[in-house]
Amino acid sequence: MKPLTEQEIRSAFVNCSKGEAKRLSVPRDLAERPWDDLDYLGWRDPQAPDRAYVVAELGDGLKGIVLRCPSAMVGQLRRSMCSMCVTTHTGGVSLMVAPKAGRAGQQGNSVGAYICSDLACSLYVRGKRDAGVGGRLHESLTLEEKIRRTVDNLAAFMAKVTA
Ligand SMILES: [Zn+2]
C-alpha cells in the first residue's frame, strides 16, 4: 500500500467518534513501516493493549476500524488460526471485536474476528515474519493468491463493520 500520513489515518476511521479518531494513538514510526509489503496498516495501542487499529485501502477508499481485544489475557497458549491471513500461531491470535459503524455501533452491535495479535498478516503471508513451527500450512496457492485471499477476508470483515 502507499505510505499514509497521520492525518490520512485519523480521517479514515469509520467506527468511532471524530473525537476518538483525533485522540487515538497513531504509530510514531510511520516512516519506517514496510509499506511495500503491507496490505493493511495494523497496530496495537502500546498504552492500551486491548485496543487495536486497522487501516486499509480496499477499493472503496481508505477506511480505518477501531478494534477491542476483550480476550487479551485468555487463551494465550491455545493454537489458533488468523481468519484474515490463515496463519496458525500458538498464542499469537486474538479475538478482536469492532463496534459497527454508525447507529448500529452506538446501540452496542459489534463484529468479531480472530486476527494475528501483532496485526502483521501481510508479513506472515509474505514469509517476512515467522509464526513458529507449523505456522504456515502447505498450500498450493501462489503468493499473489494468498495476498488476494487475505485482502478479500479483510474486505469482508470491514464490510460487516460498515454494513
Ligand atoms: Zn493474520
Side-chain angles (χ1 to χ4, degrees), residues 1-76 78 80-87 89 91-126 129 147-163:
M1 66 191 294
K2 75 172 176 64
L4 301 173
T5 64
E6 179 178 341
Q7 187 51 45
E8 286 173 314
I9 291 169
R10 289 195 190 282
S11 50
F13 283 94
V14 296
N15 68 337
C16 68
S17 70
K18 285 207 161 60
E20 192 180 350
K22 211 182 250 179
R23 290 188 305 272
L24 61 80
S25 100
V26 169
R28 294 180 190 283
D29 62 346
L30 288 176
E32 286 120 62
R33 295 268 160 167
W35 296 100
D36 287 345
D37 287 327
L38 295 184
D39 305 309
Y40 70 86
L41 175 67
W43 73 97
R44 305 288 289 251
D45 183 342
Q47 308 301 323
D50 66 327
R51 287 172 188 231
Y53 306 96
V54 167
V55 177
E57 157 75 78
L58 299 171
D60 54 347
L62 190 68
K63 286 200 181 119
I65 53 173
V66 172
L67 297 146
R68 298 279 180 273
C69 317
S71 60
M73 294 295 137
V74 183
Q76 285 297 303
R78 238 194 26 233
S80 33
M81 185 185 275
C82 171
S83 61
M84 301 297 148
C85 66
V86 199
T87 300
H89 307 260
V93 174
S94 303
L95 173 63
M96 301 203 190
V97 176
K100 292 191 76 163
R103 187 192 287 264
Q106 286 157 19
Q107 290 170 346
N109 293 302
S110 59
V111 189
Y114 284 90
I115 306 178
C116 291
S117 303
D118 56 4
L119 296 147
C121 297
S122 314
L123 302 181
Y124 292 115
V125 166
R126 288 163 178 77
R129 192 172 287 189
I147 291 171
R148 180 103 294 258
R149 176 176 60 187
T150 304
V151 169
D152 286 348
N153 288 339
L154 180 61
F157 178 65
M158 288 179 104
K160 277 192 236 166
V161 173
T162 53

How would you list, by chain and number, every residue that makes a side chain to side chain donor-acceptor pair (under 3.5 Å) with [X], sequence neighbours excluded?
{"X": "R148", "result": "D152"}
{"X": "S25", "result": "D45"}
{"X": "Q106", "result": "none"}
{"X": "D36", "result": "none"}

Can you confirm whether [X] sits close enough to [Y] that some side-chain heavy atom of one is under 4.5 Å from a side-chain heavy atom of the other?
{"X": "R44", "Y": "L119", "value": "yes"}
{"X": "V54", "Y": "F157", "value": "no"}
{"X": "L154", "Y": "I115", "value": "no"}

Checklist line | Rounded distance [0.5 Å steps], CG in L67 versus CZ in R51 | finding: 11.5 Å
Salt bridge (Lys or Arg N to Asp or Glu O under 4.0 Å) against [X], all qualifying residues, sequence neighbours excluded:
{"X": "E57", "result": "none"}
{"X": "K18", "result": "none"}
{"X": "K63", "result": "D60"}
{"X": "R126", "result": "D37, D39"}

Item checked: E8 to L62 - nearest heavy-atom pair and separation -> O-CD2, 3.7 Å
Item checked: With A156 via side chain to side chain contact (heavy atoms under 4.5 Å, CB included) - residues at least two apart -> none
Next item on the list: Apply side chain to side chain contact (heavy atoms under 4.5 Å, CB included) to A104 and list each qualifying residue two or more places apart in sequence or on a separate chain.
Entry: K100, N109
Next item on the list: Determine, stepwise, if the pair H89 / S117 fulfils side chain to side chain contact (heavy atoms under 4.5 Å, CB included).
Entry: CA-CA 9 Å; H89 307 260; S117 303; over 6 Å; no
Checklist line | All pairs passing salt bridge (Lys or Arg N to Asp or Glu O under 4.0 Å) where residues 103-118 contributes a residue, at least two apart | finding: D118-R129
Next item on the list: Please collect all ring-ring contact (aromatic ring centres under 6.0 Å, His included) contacts where either partner lies in residues 28-51, sequence neighbours excluded, each pair once.
Entry: W43-Y53
